[in-house]
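Here you go, one structure.
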There are 2 protein chains.
Amino acid sequence: MSVRHTAVTPQAGGAQAAGPCGDDDCGIREVLDRIGDKWTVLVIVELSKGVRRFRELQRAIPGISQRMLTLTTRRLCRDGLVERTVYATIPPQVDYRLTAMGQSLATMVSDLADWSREHKDAIGEARRHWDAAHTE
Amino acid sequence: MSVRHTAVTPQAGGAQAAGPCGDDDCGIREVLDRIGDKWTVLVIVELSKGVRRFRELQRAIPGISQRMLTLTTRRLCRDGLVERTVYATIPPQVDYRLTAMGQSLATMVSDLADWSREHKDAIGEARRHWDAAHTE
DNA sequence: CGGGATCCGAACAGATACTG
DNA sequence: CAGTATCTGTTCGGATCCCG
């Protein structure tokens, strides 16, 4: 997600203005700015299964465009969560794999996924209740 | 976050088109579509400390607008993660508190924050390396 | 194959201004 | 106090074309 965080947008590579960060909140934003976007988690999950090439990732994640896959993997590389290996062959081949830090993040993501599956039904029901009560 | 997920945007309350969800990926999106946005996590963290009124939340989360706080709390209520209590007093008073499900999510979020604090420096250094290598 | 560069519509988030 | 409504800029993501 980079979750459009005006100051910390990864593209510009700007200095982290760090904003008001006196509380304990800032820690969470750091992660969510990385995994909160539309595709990053899916890439991490796929890479947690093993080394993948660019096209393999794209096929494994239905709906992702080349552009978003490029941007996503690049951010992950930049943050040291994914390692990129280029083979100067013809045709070219590029492998992506999680770093140690990336793997530790993958377990967190996996926990989140577990939680999600556990509470999926409850959330769905809560939504139906809410939607029913607010339909007029 | 709703992380702009075209099909699952909460506002429209549209039917969840559910897309291609045969793999194990869909579970994670469910959570991230809720906590991945810019403010939701901060609200959850603040509410994990106890019951809060609207203004208290707004003051506790510097930078959030009334609008975003309203939207965020409403989504959390809709998903059954937060409970809203309205007192018909003058001036009006509204309390927000985490539900049991919301609290279990808060612990997950707390774990994420811990991870973030642990690896913050490593990520920062990885970024500097990457930025240095790609500055030309 | 693995991208880079560009254009463009859509969703989001901030800033008011107004209400009960 | 606790919102709602509207207007507007920014950012994101998809599509397309091109390159090595």
Side-chain angles (χ1 to χ4, degrees), chain A residues 1-12 14 19 29 32-43 51-77 82 84-96 134 136, chain B residues 1-14 19 29 32-34 36-43 51-77 82 84-96 134 136:
Chain A
M1 108 190 60
S2 298
V3 169
R4 69 203 63 80
H5 196 31
T6 325
V8 195
T9 166
Q11 311 178 328
R29 286 251 53 85
L32 287 173
D33 282 346
R34 260 160 219 99
I35 69 167
D37 79 312
K38 196 173 178 178
W39 303 109
T40 300
V41 215
L42 302 178
V43 171
V51 179
R52 292 288 186 275
R53 299 180 54 175
F54 189 87
R55 293 299 269 196
E56 289 176 332
L57 279 176
Q58 192 170 7
R59 271 189 296 266
I61 305 173
I64 195 172
S65 62
Q66 336 78 302
R67 179 176 181 270
M68 291 323 295
L69 184 53
T70 301
L71 291 178
T72 302
T73 53
R74 189 187 307 170
R75 274 196 303 245
L76 288 170
C77 288
V82 163
R84 200 181 110 126
T85 314
V86 181
Y87 300 96
T89 58
I90 292 186
Q93 174 173 349
V94 181
D95 284 354
Y96 295 92
H134 294 251
E136 56 230 6
Chain B
M1 104 172 75
S2 307
V3 171
R4 72 203 59 80
H5 196 29
T6 324
V8 196
T9 168
Q11 312 179 328
R29 286 251 53 85
L32 287 172
D33 282 347
R34 261 161 219 97
D37 81 311
K38 196 173 179 179
W39 304 109
T40 301
V41 218
L42 302 179
V43 172
V51 179
R52 292 289 186 275
R53 299 179 55 173
F54 189 86
R55 291 299 270 195
E56 289 177 332
L57 279 176
Q58 192 171 5
R59 271 190 295 267
I61 305 172
I64 194 172
S65 62
Q66 334 77 308
R67 184 180 120 89
M68 291 321 294
L69 184 53
T70 300
L71 291 178
T72 303
T73 52
R74 189 186 306 168
R75 273 196 304 246
L76 288 170
C77 287
V82 162
R84 201 181 108 124
T85 314
V86 181
Y87 299 97
T89 58
I90 291 185
Q93 174 173 349
V94 181
D95 285 353
Y96 295 92
H134 293 252
E136 56 228 5

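Order of the sequence lines fixes the chain letters, A, B, ..., with proteins taken first and strands second; residue numbering starts at 1 for each chain.
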Task: Spacing of A:Leu69 atom CG relative to D:dC12 atom C1', expressed in whole Å - done: 16 Å
Task: B:Arg59, nearest nucleotide to its side chain (from D:dG14, C:dG2, D:dC1) - done: D:dC1
TODO: Taking only the side-chain nitrogens and oxygens of B:Arg74, find out if one of them lies under 4.0 Å from OP1 or OP2 of D:dT4.
DONE: yes
Task: Rounded distance in Å - CD1 (B:Ile90) to P (C:dT19) - done: 18 Å
Task: All side-chain hydrogen bond (donor to acceptor under 3.5 Å, both in side chains) counterparts of B:Glu56, not counting sequence neighbours - done: none
TODO: Please identify each residue that fulfils side-chain hydrogen bond (donor to acceptor under 3.5 Å, both in side chains) with B:Arg59, with sequence neighbours left out.
DONE: none
- [ ] Please tell me which of the listed nucleotides, D:dG13, D:dA2, C:dC1, lies nearest to the side chain of A:Met68?
- [x] D:dG13
Task: Between P of D:dG13 and CD1 of A:Ile64, the distance in whole Å - done: 10 Å
Open item on the list: Just verifying a value: how many Å separate A:Ile35 CD1 and A:Thr72 OG1, rounded to the nearest 0.5 Å?
Closed with: 13.0 Å
TODO: In whole angstrom, give the distance that lies between atom CD of B:Gln58 and atom C1' of D:dT4.
DONE: 14 Å
Open item on the list: Quick check on C:dG14: is either OP1 or OP2 less than 4.0 Å from any side-chain nitrogen or oxygen of B:Lys38?
Closed with: yes
TODO: Take atom CG of B:Leu71 and atom P of D:dA2, then tell me their distance rounded to the nearest Å.
DONE: 17 Å
TODO: Could you walk me through whether B:Arg34 and B:Arg75 pass side-chain contact (heavy atoms from CB on, under 4.5 Å), step by step?
DONE: CA-CA 8 Å; B:Arg34 261 161 219 97; B:Arg75 273 196 304 246; over 6 Å; no
Between protein and nucleic acid, restricted to nucleotides 15-20 of chain D and to nitrogen or oxygen atoms under 3.5 Å apart, what atom pairs and distances do you find?
none

Open item on the list: Test of understanding: with side-chain hydrogen bond (donor to acceptor under 3.5 Å, both in side chains), list the residues that count as partners of A:Arg74, not counting sequence neighbours.
Closed with: none
Task: Below 4.0 Å: OP1/OP2 of D:dA2 and any side-chain N or O of B:Arg55 - done: no
Task: Point-to-point distance, once rounded to the nearest 0.5 Å, from CH2 of A:Trp39 to CG of A:Leu71 - done: 12.5 Å
Task: Separation of atom CZ in A:Arg53 from atom C1' in C:dG3, rounded to whole Å - done: 13 Å
TODO: Just report the end-to-end axis angle for the helix from C:dC1-D:dG20 to C:dG20-D:dC1, five pairs per end, to 10 degrees.
DONE: 40°
Open item on the list: So, taking the atom named OG1 in B:Thr73 and the one named CD1 in B:Ile64, what distance separates them when rounded to the nearest 0.5 Å?
Closed with: 8.0 Å
TODO: For B:Asp95 and D:dC1, give me the distance from atom CG to atom P, rounded to whole Å.
DONE: 14 Å
Open item on the list: Rounded to the nearest 0.5 Å, what separates atom OH in B:Tyr96 from atom CG in B:Leu69?
Closed with: 6.5 Å
Open item on the list: Quick check on D:dG3: is either OP1 or OP2 less than 4.0 Å from any side-chain nitrogen or oxygen of B:Tyr96?
Closed with: yes
Open item on the list: Without decimals, in angstroms, what is the distance between B:Arg52 CZ and D:dC1 C1'?
Closed with: 17 Å
Open item on the list: Return the OG1 to CE distance between B:Thr40 and B:Met68, rounded to the nearest 0.5 Å.
Closed with: 8.0 Å
